[in-house]
*Asks:* 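Please find one structure pasted underneath; my questions will follow.
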Amino acid sequence: MKKILVTGGAGFVGSHLCKRLLNEGNEIICLDNYFTGAKSNIIELLDHPYFEMVRHDITEPFYAEVDEIYNLACPASPVHYQYNPIKTIKTSVMGAINVLGLAKRVKAKVLQASTSEVYGDPLVHPQPESYWGHVNPIGIRSCYDEGKRCAETLFMDYHNQNDVAIKIIRIFNTYGPNMNPADGRVVSNFIVQALEGKDITIFGDGLQTRSFQYVDDLVEGMIRMMASEPAFLGPVNLGNPNEFTMLELAQAVIKLTGSKSKIIHMDLPQDDPKQRQPDITLAKAKLEGWEPKIQLEEGLQTTINYFDTLLMKK
Ligand code: NAD
Ligand code: UDP
Ligand code: UDP
């Protein structure tokens with residue numbers, strides 16, 4: 001039995017990760033300040049004797065004795081990370097320093113949840129890990145993008161300078177049950193709008209693309225990355241290479257929900273990346289042939305069922 005700290009464990013991805021690690025027989029400390037996460041995401045885990053929930057802000061030091069750390073604490077959707085941009089960058093940077101200081105002290109292995117946002121609005125397509133990115137350092141997305149880039153730097157420097165065992169993953173757009181319905185991310189927005197019969201809001205012409213990964217595929221990749229050979233530090237892309245326009249996503253959601261919602265177009269936010277697709281050659285080679293198994297229709301259906309039940313309860 002390993003003792004594992006999951007920061008941001010009450011969030012969307014964190015809650016799935018905690019559940020999987022607990023089911024595999026580990027002891028979990030789930031740390032969260034509930035900014036975008038919710039107790040409802042982990043409520044079924046709270047009675048488990050090897051699950052411990054800690055309300056804590058990762059910008060403050062944290063002391064515990066653990067074997068592994070998954071560092072996920074950080075708001076992930078543009079609406080939430082732009083709400084208090086200074087806090088967002090503090091969470092990425094000071095949060096990274098604190099989990100790295102903890103990992104150094106207790107000799108734990110620590111995995112950083114980085115993001116495809118480090119590539120910015122990419123000039124190389126699809127994006128391999130060797131691409132350094134095209135990021136505006138002073139735009140509305142910078143608090144998130146640059147915070148995550150700086151966290152990657154800190155992880156590498158703690159490894160090189162202090163011998164901390166690190167792993168870095170770059171997550172591409174991920175969706176599934178437990179997404180916050182008010183999160184503003186495109187999959188949750190479109191599904192909630194379709195189920196409520198409201199207009200589906202496409203930003204811009206809807207021809208920008210994203211590659212959508214179902215959360216179970218991501219969690220599998222995270223666990224394989226944590227268990228990978230010590231010399232493999234990453235960064236490694238984890239995402240589904242199937243690429244869709246936002247228009248295609250809206251049409252798929254309308255079809256699967258049978259909704260009568262209309263598509264409307266709204267202004268495209270500043271610095272919105274035009275395209276995004278992971279090159280997952282490295283993940284396949286280093287993570288025992290890992291690749292996404294759940295494609296868009298199947299994953300959307302599960303997510304639609306989740307939001308349907310959630311909205312019904314309300
Ligand atoms: P989320 O917002 O659901 O989860 C983040 C969690 O961190 C929330 O529970 C939130 O309350 C918590 N948190 C935020 N600030 C904190 C702080 N200062 N101290 C303690 N807890 C704090 O988002 P998610 O989609 O689950 O994302 C999890 C991680 O994965 C994030 O680091 C995100 O940047 C990364 N990521 C996610 C995606 C995606 O598409 N879902 C893509 C790229 C990267
Ligand atoms: N830290 C922490 N938990 C620990 C050990 C360290 O939160 O178990 C914090 C510590 O407060 C410091 C940060 O991690 O702010 C970085 O620690 P490090 O030892 O690298 O730096 P130093 O304490 O020398 O500044
Ligand atoms: N988007 C949209 N309608 C919405 C929410 C988002 O058209 O209601 C677009 C957004 O402009 C972006 C894409 O969908 O081009 C993905 O947005 P999201 O915030 O989910 O992720 P990110 O931009 O961080 O990849």
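Atoms within a ligand are numbered from 1 in the order they appear, just like the ligands themselves. All values derive from a computational prediction rather than experimental measurement.
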*Asks:* Which is it for T201 and ligand 3 at heavy atoms under 4.0 Å: side chain, backbone, both or neither?
*Replies:*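 The part of T201 near ligand 3 is both the backbone and the side chain.
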
*Asks:* Side chain, backbone, both or neither: which part of Y34 has a heavy atom under 4.0 Å from ligand 1?
*Replies:* backbone

*Asks:* Verify the contact flag for atom 11 (O) of ligand 2, where contact means a protein heavy atom under 4.0 Å away.
*Replies:* yes

*Asks:* Hey, looking at atom 5 (C) of ligand 1, which of S116, P75, G95, C74 has the closest heavy atom?
*Replies:* C74

*Asks:* Testing N173, N240, T174 one by one against Q213 for a side-chain hydrogen bond (donor to acceptor under 3.5 Å, both in side chains), which residue passes?
*Replies:* T174

*Asks:* Minimum distance, heavy atoms only, to atom 38 (C) of ligand 1: which one of I42, T115, I171 is it?
*Replies:* I171

*Asks:* Between H48 and E27, do the side chains contain an N or O donor and an N or O acceptor separated by less than 3.5 Å?
*Replies:* no

*Asks:* When D121 is tested against each of K274, R276, H134 for side-chain hydrogen bond (donor to acceptor under 3.5 Å, both in side chains), which residue passes?
*Replies:*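 It is K274, the one option of K274, R276, H134 that forms the side-chain hydrogen bond (donor to acceptor under 3.5 Å, both in side chains) with D121.
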
*Asks:* Output the list of atoms in ligand 2 that are nearer than 4.0 Å to some heavy atom of I97, sorted by atom number.
*Replies:*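 In order of number, 13 (C), 14 (O), 16 (C).
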
*Asks:* Tell me, which pairs form a salt bridge (charged side-chain N to carboxylate O under 4.0 Å, His left out) where one or both residues lie in residues 256-267, sequence neighbours left out?
*Replies:* D199-K262

*Asks:* Should the proximity of T91 to ligand 1, defined as any heavy atom under 4.0 Å, be assigned to the side chain, the backbone, both, or neither?
*Replies:*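 Near ligand 1, T91 shows its side chain, while the N, CA, C and O stay back.
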
*Asks:* Minimum distance, heavy atoms only, to atom 23 (O) of ligand 3: which one of E117, R141, R276 is it?
*Replies:*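 Checking each option, the heavy atom nearest atom 23 (O) of ligand 3 is found in R141.
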
*Asks:* Just jot down the side-chain contact (heavy atoms from CB on, under 4.5 Å) partners of S114, sequence neighbours excluded, or say none.
*Replies:* Q112, V118, K148, E152, I168, R170

*Asks:* Flag yes if more than 12 heavy atoms outside Y306 fall under 6.0 Å of its OH atom; otherwise flag no.
*Replies:* yes

*Asks:* Between N237 and I171 (side chain of the first, backbone of the second, donor and acceptor by atom type, cut-off under 3.5 Å), is there such a pair?
*Replies:* no

*Asks:* Can you tell me if R185 contacts ligand 1 (heavy atom of the residue under 4.0 Å from the ligand)?
*Replies:* yes

*Asks:* Which of these, A151, A113, S114, has its nearest heavy atom closest to atom 44 (C) of ligand 1?
*Replies:*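 Answer by nearest heavy atom: S114.
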
*Asks:* Counting each atom of ligand 2 from 1 as listed, which ones have a heavy atom of K104 under 4.0 Å away?
*Replies:*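 In order of numbering, the contacting atoms are 18 (P), 19 (O), 20 (O).
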
*Asks:* Tell me the contacting part of R170 for ligand 1: side chain, backbone, both, or neither, using a 4.0 Å heavy-atom threshold, strictly below.
*Replies:*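 No part of R170 comes within reach of ligand 1.
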
*Asks:* Check each of N33, L72, T59 against atom 22 (C) of ligand 1 and report the one with the nearest heavy atom.
*Replies:* N33

*Asks:* Which of the numbered atoms in ligand 1 are below 4.0 angstrom from a heavy atom of G37?
*Replies:* 8 (C), 9 (O), 10 (C), 11 (O)

*Asks:* Run the numbers for me: atoms of ligand 2, each under 4.0 Å from some heavy atom of R105, listed by number.
*Replies:* 4 (C), 5 (C), 8 (O)

